[in-house]
Engineer: 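Structure incoming, see below.
In the text below, chain A, chain B and the rest are named by the order of the sequence lines, each starting its count at 1.
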There are 2 protein chains.
Amino acid sequence: MAGSTEPTRVMVAVNESSIKGYPHPSISCRAAFDWMLSKLVRSNAGGFHLLFLHVQVPDEDGFDDMDSIYASPEDFQRMKQRDKTRGLHLLEYFVNQCHQMEIKCEAWIKQGDPKEVICSEVKRVQPDLLVVGSRGLGPFQRVFVGTVSEFCVKHADCPVITIKRKAGEAPQDPIVGTGANEE
Amino acid sequence: MAGSTEPTRVMVAVNESSIKGYPHPSISCRAAFDWMLSKLVRSNAGGFHLLFLHVQVPDEDGFDDMDSIYASPEDFQRMKQRDKTRGLHLLEYFVNQCHQMEIKCEAWIKQGDPKEVICSEVKRVQPDLLVVGSRGLGPFQRVFVGTVSEFCVKHADCPVITIKRKAGEAPQDPIVGTGANEE
């Protein structure tokens, strides 16, 4: 078909569940992943190369760390290491799934503002397509939660597909304070 | 893959060239079609069912008809028939392409405001994915030309993929007055 022999490189932005936390993937990113497998990849596992990006948001408020005691620089190192490990377990879920289905994949973690990092990684990695899940929030909620997917549709340097979670398909998640997660 | 046996139904919104007019497809909708074939359908022709929708904009200004003489109701009938025929030749391009590649397809014409009609047809036909081309206009131009693709991303009841035409990839088209075409 159209002479393309290189696999189609699809970047998938994944994040943790806002209910269960790490290492559980959010309902919306899992829905986006499942949609892509059943509707695009289908039986053509060899035709696609999946690139999983997880962006960790630095914990500015520090609520998670209020009961911890930091006595040395190493304590902070350990904390960072621990966060990274959790992110790795999140990625493990997707890599394992791809492995079972014999789909070639790569996965990595970056830190920062998810919408900015996703777009800069698109610029660097140049995928054919970016897939992002979306909680499908109404206009009122969007103001507070921020919309990674809307930003990416506008600013990413490649075609973007947003998979909206259907209303009523899953329990309502609490709205997280960082404005970054979209589950 | 994920047990899906039904082909993935992809609706593709197509329009005529704003330079060459009917029956030539716009650069942007042809680019979207080509992108979809090479990046999504690939060698899996049997896994996809393409649905081509062409929305004809009623000619409110009537500039095209200024040198014509209308003497009877039949003249208007003929005019409508002629417009429809041109739209059919536009669709013929895509149906022929699919036929050559043995991809199952359907194509039809509707009249109205493209962005509204596309979204109502999505509701009616319920495709798995909507593909729209976009001229990739800057924010200044967008105000005047209107953005069918942006409207669909927000309002269509299915995942939407917008294929932006790259700047410099093709000659600059004149901006059309209807606000409806996106080439």
Engineer: In the single-linkage hydrophobic clustering (I, L, V, M, F, W, Y; side-chain heavy atoms under 4.5 Å), do F151(A) and V14(A) co-cluster?
Structural biologist: no
Engineer: Provide the closest heavy-atom pair for V41(A) versus N44(B) in the form atom of the first, atom of the second, distance.
Structural biologist: O-ND2, 4.5 Å
Engineer: Do V95(A) and V125(A) sit in one hydrophobic cluster, given that two such residues count as connected whenever their side-chain heavy atoms are within less than 4.5 Å of each other, even indirectly?
Structural biologist: no
Engineer: Checking H89(B) now: which residues fulfil side chain to side chain donor-acceptor pair (under 3.5 Å) with it, not counting sequence neighbours?
Structural biologist: E92(B)
Engineer: Let me confirm one number: the CG-CG distance from L40(A) to L129(B), rounded to the nearest 0.5 Å.
Structural biologist: 6.5 Å
Engineer: Kindly state each residue pair satisfying side-chain hydrogen bond (donor to acceptor under 3.5 Å, both in side chains) with at least one member in residues 114-127 of chain A, sequence neighbours excluded.
Structural biologist: W108(A)-E121(A), D113(A)-K115(A), E121(A)-R124(A), K123(A)-D157(A)
Engineer: Which atom pair, heavy atoms only, marks the closest approach of R42(A) to T5(B)?
Structural biologist: NH2-O, 3.8 Å
Engineer: If every non-hydrogen atom of K39(B) is compared with every non-hydrogen atom of D128(A), which pair is closest and at what distance?
Structural biologist: NZ-OD1, 3.1 Å
